Amino acid sequence: MDETRPLYVVGDIHGHRAELRDALQQAGLVDAAGDWSGVDADVWFLGDFVDRGPDGVGVIDDVMRLQRQARESVGRVDAVLGNHEVLLLGYHQFGNAADAAGVHSFGLSWLRNGGQQSDQDALTDEHLAWLTTRPAMARAGDHLLVHSDTVRYLEWGRTIEDVNAVVTERLTADEPDLELWFDLWRNLTARGSFHHDEDGVDQAELMLSTFGGRQIVHGHTIIAAWLGVDAPAVTGPLSYAGGRALGVDGGLYEGGPCLVVPLPYDS
Ligand SMILES: [Mn+2]
């Protein structure tokens with residue numbers, strides 16, 4: 001990546017299409033019509049487009065369109081997979097089928113985690129092809145971009161390329177395996193690795209020394225939960241673990257802000 005290009009990350013949106021458009025417009029990345037105006041910016045969405053909010057697939061449509069428009073310009077738009085994308089895809093693929101032990105099903109998890117039937121109904125082959133080929137991790141400059149604040153990515157590989165290859169292979173397999181898909185959902189739903197008082201810094205160091213980068217930038221865990229405040233009181237991202245981690249989930253579905261964060265973030 002060209003280090004001189006502006007870099008932004010966007011936290012969890014969960015179906016809040018209008019709020020996303022407003023936040024991108026405020027950052028100068030889209031115009032009043034919602035079309036790309038970010039010129040040479042590099043924008044990474046950190047996943048969780050769907051569930052808990054009114055129009056998750058509409059959000060995906062917007063991001064796919066911005067990706068096309070940025071590509072026609074000199075910008076770049078992409079996204080890492082969130083656990084809710086895996087949930088959306090898993091329920092689409094497996095419905096209420098249970099695993100071999102009869103314990104887990106995407107149907108149950110989908111219901112419990114804010115799944116929206118309207119999103120399932122709106123899914124097209126084009127959405128499926130795009131979602132199933134998004135990476136789980138990416139590097140942008142000194143930043144390691146992931147959805148979830150967890151070390152479980154290490155279970156899939158020791159390089160970004162290997163992790164992404166494992167995830168894509170599972171999601172695009174000709175004969176999808178419920179257990180392997182559920183493993184994706186379970187690991188991407190884990191949280192809090194870098195926030196532990198005792199070993200949070202070590203866990204962040206482990207991720208960075210393995211995958212590269214100087215700061216993990218993630219969504220998934222609402223900043224307000226750590227600050228002990230309500231989501232609307234959140235005003236920006238949270239740098240922690242000695243600056244090795246940056247949380248950017250403003251808690252949109254709980255009334256918090258849609259955070260569009262320029263990197264490097266100067267706290
Ligand atoms: Mn999440």
Side-chain angles (χ1 to χ4, degrees), residues 9-17 19-20 23 44-60 63 78-92 104 106 108-116 119-120 127 130-132 134-138 143-156 163-164 167 170-171 181-196 200 203-204 207 216-227 231 234 237-238 240 245-261:
V9 291
V10 186
D12 310 34
I13 301 156
H14 285 301
H16 290 75
R17 195 176 191 181
E19 290 86 344
L20 171 62
W44 278 91
F45 290 83
L46 297 187
D48 278 10
F49 296 130
V50 298
D51 301 343
R52 307 192 197 283
D55 192 4
V57 171
V59 170
I60 293 170
V63 173
D78 211 335
V80 294
L81 280 172
N83 56 319
H84 283 268
E85 278 69 61
V86 174
L87 190 55
L88 175 88
L89 294 167
Y91 185 58
H92 173 82
H104 302 296
F106 276 105
L108 199 55
S109 293
W110 181 79
L111 263 185
R112 283 179 177 163
N113 286 280
Q116 306 289 310
D119 283 339
Q120 291 290 335
H127 297 127
W130 189 77
L131 289 168
T132 53
R134 285 315 92 206
M137 324 178 80
H143 309 283
L144 178 63
L145 310 181
V146 291
H147 173 68
S148 309
D149 44 319
T150 178
V151 292
R152 302 267 190 99
Y153 291 92
L154 290 159
E155 293 188 14
W156 302 321
V163 168
N164 289 338
V167 172
R170 292 183 188 183
L171 293 179
W181 279 51
F182 213 85
D183 174 77
L184 297 180
W185 155 249
R186 189 167 32 227
N187 283 341
L188 285 177
T189 302
R191 70 177 79 245
S193 292
F194 320 126
H195 206 257
H196 290 153
Q203 301 277 61
M207 287 285 282
I216 301 159
V217 182
H218 69 81
H220 187 54
T221 298
I222 293 177
I223 294 161
W226 288 331
L227 297 179
V234 170
L238 181 70
Y240 66 101
L246 186 73
V248 303
D249 181 358
L252 195 44
Y253 76 90
E254 289 189 351
C258 179
L259 295 181
V260 176
V261 181

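What you see is a predicted model; the values in this text were computed from it and never measured. Both counts, for ligands and for their atoms, begin at 1 and track the order of listing.
For His14 and His84, the distance between ring centers is under 6.0 angstrom.
Side-chain contact, Thr221 with Asp149: a donor N or O sits under 3.5 Å from an acceptor N or O. Donor-acceptor pairing under 3.5 Å is recorded for the side chains of Asp48 and His147.
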- Query: Should Gln116 and Val50 be marked as a side chain to side chain contact (heavy atoms under 4.5 Å, CB included) after you check the CA-CA gap, both sets of side-chain angles, and the distance that decides it?
  - Reply: CA-CA 8 Å; Gln116 306 289 310; Val50 298; over 6 Å; no
- Tell me, with the steps shown, if Leu246 and His218 meet side chain to side chain contact (heavy atoms under 4.5 Å, CB included). CA-CA 6 Å; Leu246 186 73; His218 69 81; over 6 Å; no
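Here the Mn ion (ligand 1) has protein N, O or S atoms under 2.8 Å from it, and they come to 4.
Listed by chain and number, the residues in a ring-ring contact (aromatic ring centres under 6.0 Å, His included) with His143 amount to none (sequence neighbours excluded).
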